[in-house]
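Okay, structure first, notes after.
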Amino acid sequence: MTKPSLPKGTRDFLPSEVMKRKYLFGILEEVFLRHGFVPIETPSLELMQTLTGKYGEEGDRLLFKILNSGNFLEEADVAALEQKDSFKLAGSIAKRGLRYDLTVPFARFVVMNRDKISFPFKRYQIQPVWRADRPQKGRYQEFYQCDCDVVGSKSLLYEADLLSIYSQAFSRLGIEVAIHVNHRAILAGIAEASGIAGHFTDMTVCIDKLDKIGEAAVHEEMVKRGIGPEAATRVLQLIQSTTLESLIPSLSGTASGKKGIDDLKAIFNMLKGYTLQQEIRFDPALARGLSYYTGFIVEVVAKNAKMGSLGGGGRYDNLTGSFGLPDVPGVGISFGAERIFDVMESMDLFPKNIGGSLQALIVALDPESMEYGIRITQTLRSSEIAADQYPELVKMNKSMKYANDLKIPFVVIIGEEERNTGRLSLKDMVSGNQEKLEVGELIKKIKTPI
RNA sequence: GUGAAUGUAGCUCAGCUGGUUAGAGCAUCAGAUUGUGGUUCUGAGGGUCGCGGGUUCGAAUCCCGUCUUUCACCCCA
């Protein structure tokens, strides 16, 4: 016998947890659908050639690879095997891998299905992804991503739409958030205005850490990466601006700075037509995931919970380029479902009534009542009541305990007397009251909300 | 990839500087209660102390190795 255990970074979900997760995903789906996004699904497995090279060296290392079937060593790269070069060997023995995110498979999907979809194509996708990362708090090797993207349009209307989705979704979930917005061109403008255009990546890597390590440490790190101390000070000064207007004097001289400011202005202008319940804040210090974002960028942070980002996204201009379809612009956002779940759990934001599913348990006391109970159960079920019959004739306290453990609100007790009179005992498990009712009354009673 | 912890009953954990038969709570099962759950009381079952080696008269306890899991960093959701 082997001791049961799970691979690291994976979890079982109990019924109550699955119900909560469905509730969360359900709300997201409703918001997505209402904004005109449609669902797609892609396989868990992709070809390694689809996945490798898309996430940088680090990402390639974290890909789960799937061994080829059969005697896969026959085709193994012998030289790599002898050199113990695992990475090189993998290419010859694993032609498939588990998807690492939903964005790259989506890019493949768009390229392969471009004849079947109409642009702009608005899709959402809620599926698990896998990463061979070291797990830690709130981070798993298998987790769900909820992505929402539009491809095939450069219109800034979609930026506004996606911000509206964030606002509505978090409001409906009951989480108060700040939606931070920035633009890659503004960051480029800041670099240019500080005379360090050549150090753009160094700059963004550093300022991304601002809220984590503080101003002084960011300054120090910028200098360490070859940015002059004065330029670093200038950068820090510029990224602390809280309004677009205050950046205009410094950035309007640079082409990219102007472009970024114009874009964001246009987005904010469109947002005036939306009803937004959450704060949307311009934050020039936001420098997230810049490796593939080319325009607008966004990140969502909970206001009342100590938790990293609950979601993020941005515009990218060349999603499908690596699959041979250039110039397809896109903009998208992602919800960090696992973290949102944790925040909602810690703030007790799930409705109380999503735990139990069964509304009535039928308990029979003798073999004839068992048969009678089957018919009653079916009657209740066809009256849209979630009903179930206790399957064995046992001491009643056992079946009552079962009803109690499952939080079933009503128990229908059927014995000889009930059978003869046609009036069944209905016990309300919350109040403990019990009364004898005919089936019709009983159904009405169970369906009446408390 | 770097660093630090951890591992004892199904679960959460106690077990002092080594000393007979390894404990508790929860959970399970049975009874108090032969037609009534939650609370309570009584009892029962359940352990190769992660695995391997070493020190010792004696190891859950000390040492070494190994595996597992967790936490932090990197990175990221």
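Here is the naming used below: chain letters follow the sequence lines, and residue numbers restart at 1 for every chain. Both backbone and side-chain heavy atoms feed into the values below; hydrogens, waters and symmetry mates do not.
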Looking at [N], which nucleotide sits across from it as a Watson-Crick or G-U wobble partner, both distances under 3.5 angstrom, or is there none?
N: B:A5; result: B:U69
N: B:U34; result: none
N: B:G23; result: B:C13
N: B:A59; result: none
N: B:C74; result: none

Query - Phosphate contact (B:C71 OP1 or OP2) by A:Q136 side-chain N/O below 4.0 Å - result: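 False: A:Q136 side-chain N/O out of range (4.0 Å or more) of B:C71 OP1/OP2.
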Say you pick atom [atom1] in [N] and the same atom in [M]; how far apart are they, in whole Å?
N: B:U33; M: B:G38; atom1: C1'; answer: 15 Å
N: B:G18; M: B:A44; atom1: P; answer: 33 Å
N: B:U70; M: B:C26; atom1: P; answer: 28 Å
N: B:G10; M: B:C67; atom1: P; answer: 25 Å
N: B:G15; M: B:G23; atom1: C1'; answer: 7 Å
N: B:U61; M: B:U55; atom1: P; answer: 15 Å
N: B:C49; M: B:A4; atom1: C1'; answer: 24 Å
N: B:G19; M: B:U66; atom1: C1'; answer: 29 Å

Report task. May I have all residue pairs that pass ring-ring contact (aromatic ring centres under 6.0 Å, His included) and include part of residues 25-49 of chain A, sequence neighbours excluded? Result -> A:F25-A:Y144, A:F32-A:Y124, A:F32-A:F335
Requested in this report: Give, ordered by number, those residues of residues 165-183 of chain A having at least one heavy-atom distance below 4.0 Å to an atom of RNA chain B; if nothing qualifies, reply none.
Outcome: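 Listed by number, there are none.
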Does [X] reach the side chain of [Y], with side-chain heavy atoms less than 4.5 Å apart?
X: A:L236; Y: A:M222; value: yes
X: A:L380; Y: A:L442; value: yes
X: A:V328; Y: A:L319; value: no
X: A:Q141; Y: A:R131; value: no

Categorize [X] for me: base, sugar-phosphate, or nothing, with a 4.0 angstrom heavy-atom threshold over every strand shown.
X: A:G312; value: nothing
X: A:Y144; value: nothing
X: A:D101; value: nothing

Length of the line joining [X]:[atom1] and [N]:[atom2], which is rounded to integer Å:
X: A:Q141; N: B:C75; atom1: CD; atom2: C1'; value: 14 Å
X: A:Y55; N: B:A77; atom1: OH; atom2: C1'; value: 13 Å
X: A:K137; N: B:A77; atom1: NZ; atom2: C1'; value: 16 Å
X: A:Q125; N: B:A77; atom1: CD; atom2: C1'; value: 15 Å
X: A:L24; N: B:A77; atom1: CG; atom2: P; value: 17 Å
X: A:D208; N: B:C74; atom1: CG; atom2: P; value: 11 Å
X: A:L6; N: B:U70; atom1: CG; atom2: C1'; value: 14 Å
X: A:L102; N: B:C76; atom1: CG; atom2: P; value: 17 Å

Looking at [Y] and [X], is any side-chain nitrogen of the basic one under 4.0 Å from a carboxylate oxygen of the acidic one?
X: A:D101; Y: A:K54; result: no
X: A:R11; Y: A:E338; result: yes
X: A:E30; Y: A:R172; result: yes
X: A:D317; Y: A:K154; result: no

Query raised in the report: Between B:U69, B:A77, B:C71, which nucleotide gets closest to the side-chain atoms of A:R139?
Result: B:A77
Query - Nucleotide nearest A:K8 when distance is taken to its side chain, options B:U70, B:A77, B:C75 - result: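 Of all the options, the side chain of A:K8 is nearest to B:U70.
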Query - Residue from A:T103, A:D147, A:T42, A:D149 passing side-chain hydrogen bond (donor to acceptor under 3.5 Å, both in side chains) with A:Q125 - result: A:T42
Query raised in the report: Do we get A:R184 above A:Y293's six-membered ring, with its NZ or CZ under 6.0 Å from the centre and within 45° of the axis?
Result: no
Query raised in the report: Between A:Y100 and A:Y55, what is the ring plane arrangement, given parallel below 30°, perpendicular above 60°, and tilted in between?
Result: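 Correct class here is tilted.
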Query raised in the report: Where along nucleotides 33-40 of chain B does protein come under 4.0 Å, by heavy atom, of base (B) or sugar-phosphate alone (S), with - for untouched nucleotides?
Result: --BBBB--
Query raised in the report: Counting only distance, no hydrogens or angles, is the base of B:U70 paired donor-acceptor with the side chain of A:R134 under 3.5 Å?
Result: no
